[in-house]
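Report on one structure; see the data block that follows.
Reckoned from all heavy atoms, side chains included, excluding hydrogens, waters and symmetry mates.
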Amino acid sequence: MGTGNSRRGRLALAACALSGTVLAGVALPAGTATATASSGSAAAASAPSGQGETTLRVKMSGSGIDTLNPFLAFFDGAYDVFAAVYPTLNSLDEQGRPGPYLAKSWTQSDDKLTWTFTITDGLKWSDGTPLTAEDAAWTLNLIMTDAVAGTANGSLVSNFASVTAPDATTLVIKTKEPQANVTYVSVPRSGIPIVPKHIWESQAKNLKDYKNDAFPLVGYGPWTLTDYKPEQYAKFDANRDFILGKPGFDHMVQQSFKSVDAAVAALRSGQLDYINGVNPTQFKALQADKSLLTVQEVGNGWTGLEINYNARTRTGKKIGTGHPALGDPVLRHAIALATDRKTLVAKVRDGLAVPGAGYLPPAWPQWSWKPAAGEETPFDLDQANKILDDAGYTKGADGVRVDPKSGKPLELRLGIHADDTDDAGISNYLKGWLETVGIKLKIQTLSMSALNSDLAKGDWDLLMDGWTTGPDPTFLLGIQTCAALPKDDGTAGNTDSFFCDEKYDELFNKQRTTFDQDERAKIVGEMQSILYKADVNQMHFNANTLDVVRTDTVTGLVYGQPDAQGMYPAQSYSFWGYLKATPATAKATAAKEESGGGGALWIGGIVLLVVLVGGGIALKRRSSADDRE
């Protein structure tokens with residue numbers, strides 16, 4: 001649900017970390033959007049926290065922040081914070097390749113089993129303590145050896161054999177098998193954040209209860225988190241000594257809103273500078289406002305239905321209250337047959353999406369997959385009825401079918417997000433279609449935290465969900481492995497639908513150790529085929545990400561060029577965008593001085609030409625309604 005790598009709610013991991021080293025001062029190519037700055041227009045961006053200081057005001061991810069503990073977090077809002085305040089080993093450059101951050105260089109051994117990173121000397125945490133390779137080694141080792149610490153990111157280091165810091169500027173990672181994406185395991189927002197050992201070491205034994213809420217947080221990133229009020233705001237100060245360049249604003253506020261409508265009103269009035277993830281109706285209405293730049297990004301996430309078909313722990317212990325009939329592949333396939341994805345795209349997303357099929361989204365064509373001819377599940381209510389009849393699901397007097405094994409009627413709970421217009425629209429269509437085939441739905445409107453709490457416990461039948469991901473698919477594919485199931489004590493689980501398949505796990509390990517991209521894509525395609533046929537995660541659509549920026553208060557947030565359909569590449573606002581964003585008045589003044597006059601303001605004054613290549617890190621976080629992607 002929002003990168004991080006993200007769940008609609010997490011991450012996700014919602015915009016994706018595509019870019020790394022920024023090409024400052026590059027002239028914009030033809031076709032880049034422009035706008036004109038209006039007089040007195042930078043009031044919101046320039047509102048002072050101190051004399052003459054500027055503040056970037058953005059809407060917080062709709063998922064909110066589940067926890068400020070980076071070992072446990074799943075929500076996009078939390079990963080936006082971590083990208084701002086905690087460092088990573090690598091960044092990603094403008095071609096999606098690993099760039100410098102803490103590590104200024106790295107080498108790989110001939111046998112591809114040992115990676116040696118040279119860490120920049122002289123860096124300091126925000127409290128003045130030296131930042132060394134030992135901090136990175138300690139962070140990664142904790143995730144490798146402690147199940148609680150591995151809750152969020154354990155799958156990324158599951159192939160690591162050892163991590164050591166021979167000295168302050170050397171980090172050595174040894175893998176069990178050759179691993180293609182080691183330099184993408186720790187990147188901003190979508191990868192593993194490195195935390196200060198001297199702060200966290202005393203909390204390791206009580207990690208599951210540690211909230212990490214003493215401000216300012218000790219970190220090292222483009223920003224320092226100075227204050228946070230749940231469901232209200234997060235406040236940041238710029239790190240003027242940041243290794244990749246100081247932020248263009250002195251301060252940043254991520255503001256929480258109860259609804260996207262309220263955030264849109266704040267944007268219109270100048271109280272916000274940027275919103276990520278408006279809905280189609282809002283997006284089309286805002287296109288008429290000349291003070292706003294509306295941007296569509298290629299969808300980097302999915303929206304769909306999760307089915308609790310066999311909730312259990314890693315040892316096979318059954319948990320939760322899921323309807324037993326959902327373990328029957330016939331019933332799950334009937335639900336898929338009774339879902340018209342094209343109608344959902346047209347009616348729920350107003351055409352601003354593509355129908356879902358593969359598990360990985362269209363933003364990353366190197367991993368794209370579609371069912372083979374004749375294997376695609378059509379919308380066919382008659383066929384859905386037939387296979388249920390043939391399987392012995394007879395209809396009662398009320399038209400609701402009965403499970404022939406348990407004797408329970410097919411009355412299923414469908415959990416949806418309370419603030420999600422997509423969920424509301426989808427659920428209404430699903431209710432009608434499924435009742436046509438004898439399945440009764442009880443729609444349960446839940447908060448983000450309640451929905452995710454129920455997910456982990458297995459106390460649900462069907463859930464609306466979504467994830468975003470970046471160029472490397474490892475994390476998103478990893479949440480469908482057996483290792484993602486929870487332990488018997490309820491900890492360490494990062495599963496979506498309790499999926500566990502031996503063949504799938506074998507392919508997961510194989511793709512991670514395959515360096516040839518074409519061969520790896522074939523393996524990833526096989527994995528997506530397994531998921532598609534299981535009907536446990538049913539992809540409804542891949543929504544275009546819809547963003548809106550005030551052109552009179554901020555520039556530099558949007559980078560890249562739109563394609564022939566006007567679609568921009570997926571952005572990484574919470575790291576590069578927020579780092580490189582600049583008050584519009586500053587850009588306008590500079591342009592005027594250089595040209596001798598004029599009021600034209602280039603949007604995206606810093607351009608990153610994005611070429612997607614194999615191997616970036618997964619934006620792996622669950623995405624929220626308005627982050628959805």
Output all residues satisfying side-chain hydrogen bond (donor to acceptor under 3.5 Å, both in side chains) with [X], sequence neighbours left out; order by chain, then residue number.
X: Asn212; value: Tyr86
X: Tyr359; value: Gln480
X: Tyr220; value: none
X: Lys284; value: Asp350

Heavy-atom pair with the smallest gap, counting every atom of [X] and [Y]:
X: Val264; Y: Val278; value: CG2-CG1, 4.2 Å
X: Tyr79; Y: Ala152; value: OH-CB, 3.6 Å
X: Leu217; Y: Ala214; value: CD2-O, 3.4 Å
X: Ser63; Y: Gly77; value: OG-N, 3.1 Å
X: Thr88; Y: Pro193; value: CG2-CA, 4.1 Å
X: Trp576; Y: Ser91; value: CZ2-CB, 4.0 Å

Test applied, side-chain contact (heavy atoms from CB on, under 4.5 Å); reference residue, Leu89; option that passes from Val185, Val187, Ile119, Thr183: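 The side-chain contact (heavy atoms from CB on, under 4.5 Å) with Leu89 is passed solely by Ile119 among Val185, Val187, Ile119, Thr183.
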Quick one: is the NZ or CZ of Lys580 closer than 6.0 Å to the six-membered ring centre of Tyr578, and within 45° of its axis?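 Verdict for Tyr578: no cation-pi partner in Lys580.
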Can you give each donor-acceptor pair under 3.5 Å made by side-chain atoms of residues 127-135, sequence neighbours left out, with the distance rounded to 0.1 Å?
residue: Asp127; atom: OD1; partner: Thr129; partner atom: N; Å: 3.1
residue: Asp127; atom: OD1; partner: Thr129; partner atom: OG1; Å: 3.1
residue: Asp127; atom: OD2; partner: His198; partner atom: NE2; Å: 2.8
residue: Thr129; atom: OG1; partner: His198; partner atom: NE2; Å: 3.3
residue: Thr132; atom: OG1; partner: Glu134; partner atom: N; Å: 3.2
residue: Glu134; atom: OE2; partner: Lys197; partner atom: NZ; Å: 3.2
residue: Asp135; atom: OD1; partner: Lys197; partner atom: N; Å: 2.9
residue: Asp135; atom: OD2; partner: Trp125; partner atom: NE1; Å: 3.2
residue: Asp135; atom: OD2; partner: Thr132; partner atom: N; Å: 3.0

Distance flag, aromatic centroids of Phe242 and Tyr101, threshold under 6.0 Å: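 Close enough - the centres of the two rings lie under 6.0 Å apart.
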With a 4.5 Å heavy-atom cut-off, do [X] and [Y] have their side chains touching?
X: Leu546; Y: Asn279; answer: no
X: Asn239; Y: Asp241; answer: yes
X: Asn90; Y: Tyr184; answer: no
X: Thr139; Y: Phe71; answer: yes
X: Phe475; Y: Ser190; answer: no
X: Asp121; Y: Lys104; answer: no
X: Val549; Y: Val558; answer: yes
X: Val81; Y: Met60; answer: no

Taking [Y]'s backbone N and O only, do any of them form a donor-acceptor pair with [X]'s side chain (distance below 3.5 Å, no angle check)?
X: Gln296; Y: Tyr568; result: no
X: Asn153; Y: Leu156; result: no
X: Thr545; Y: Gly299; result: no
X: Asp273; Y: Val58; result: no
X: Thr555; Y: Ala584; result: no
X: Ser256; Y: Tyr233; result: no
X: Asn544; Y: Val298; result: no

Atom pair [atom1] ([X]) and [atom2] ([Y]), whose distance is rounded to the nearest 0.5 Å:
X: Thr224; Y: Phe215; atom1: OG1; atom2: CZ; answer: 12.5 Å
X: Leu142; Y: Glu201; atom1: CG; atom2: CD; answer: 10.0 Å
X: Leu476; Y: Ile479; atom1: CG; atom2: CD1; answer: 5.0 Å
X: Asp465; Y: Trp467; atom1: CG; atom2: CH2; answer: 7.5 Å
X: Ser186; Y: Leu102; atom1: OG; atom2: CG; answer: 7.0 Å
X: Asp80; Y: Gln254; atom1: CG; atom2: CD; answer: 5.5 Å

Test of understanding: with ring pair (Phe, Tyr, Trp, His ring centres under 6.0 Å), list the residues that count as partners of Trp115, not counting sequence neighbours.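 Ring pair (Phe, Tyr, Trp, His ring centres under 6.0 Å) check on Trp115 returns nothing, list empty.
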With Phe283, which residues qualify under ring pair (Phe, Tyr, Trp, His ring centres under 6.0 Å), at least two apart?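 Per chain and number, Phe283 pairs via ring pair (Phe, Tyr, Trp, His ring centres under 6.0 Å) with no residue.
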Report the C-alpha distance between Thr474 and Asn181 in whole Å, list the side-chain angles of each, state the deciding distance to 0.1 Å, and finish with yes or no for side chain to side chain donor-acceptor pair (under 3.5 Å). CA-CA 9 Å; Thr474 301; Asn181 68 339; 3.2 Å; yes
Lys229: which residues meet the salt bridge (Lys or Arg N to Asp or Glu O under 4.0 Å) condition with it, sequence neighbours left out?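 Listed in chain order: Asp227.
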Could I get the full list of salt bridge (Lys or Arg N to Asp or Glu O under 4.0 Å) partners for Asp66, not counting sequence neighbours?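 Once residues adjacent in sequence are excluded, Asp66 has no partner under the salt bridge (Lys or Arg N to Asp or Glu O under 4.0 Å) criterion.
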Walk me through whether Phe117 and Val182 qualify under side-chain contact (heavy atoms from CB on, under 4.5 Å). CA-CA 11 Å; Phe117 294 81; Val182 170; 4.1 Å; yes
With sequence neighbours left out, which residue pairs that include part of residues 255-272 fulfil the salt bridge (Lys or Arg N to Asp or Glu O under 4.0 Å) condition?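 Residue pairs passing salt bridge (Lys or Arg N to Asp or Glu O under 4.0 Å), neighbours aside: Glu231-Lys258, Arg268-Asp289.
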I would like to know whether Trp200 and Tyr210 meet ring-ring contact (aromatic ring centres under 6.0 Å, His included); could you show each step before the answer? CA-CA 9 Å; Trp200 285 83; Tyr210 184 50; 5.0 Å; yes
Apply side-chain contact (heavy atoms from CB on, under 4.5 Å) to Phe236 and Thr55, showing your working. CA-CA 9 Å; Phe236 305 81; Thr55 300; over 6 Å; no
My understanding is that only residues two or more places apart in sequence, or in another chain, count here; which of them pass side-chain contact (heavy atoms from CB on, under 4.5 Å) with Thr67?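 Partners of Thr67 by the side-chain contact (heavy atoms from CB on, under 4.5 Å) criterion, ordered by chain and then number, come out as Asn69, Leu72, Ala73.
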With sequence neighbours excluded, what pairs up with Ala581 under the side-chain contact (heavy atoms from CB on, under 4.5 Å) test?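 Partners of Ala581 by the side-chain contact (heavy atoms from CB on, under 4.5 Å) criterion, ordered by chain and then number, come out as Leu56, Phe249, Val554, Leu557.
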Pairing donors with acceptors under 3.5 angstrom, does anything connect the side chains of Asp250 and Thr54?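 Yes - a donor-acceptor pair under 3.5 Å links their side chains.
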For Asn300 and Trp364, what are the C-alpha separation, side-chain angles and deciding distance, and is it a side-chain contact (heavy atoms from CB on, under 4.5 Å)? CA-CA 7 Å; Asn300 71 328; Trp364 323 122; 3.8 Å; yes
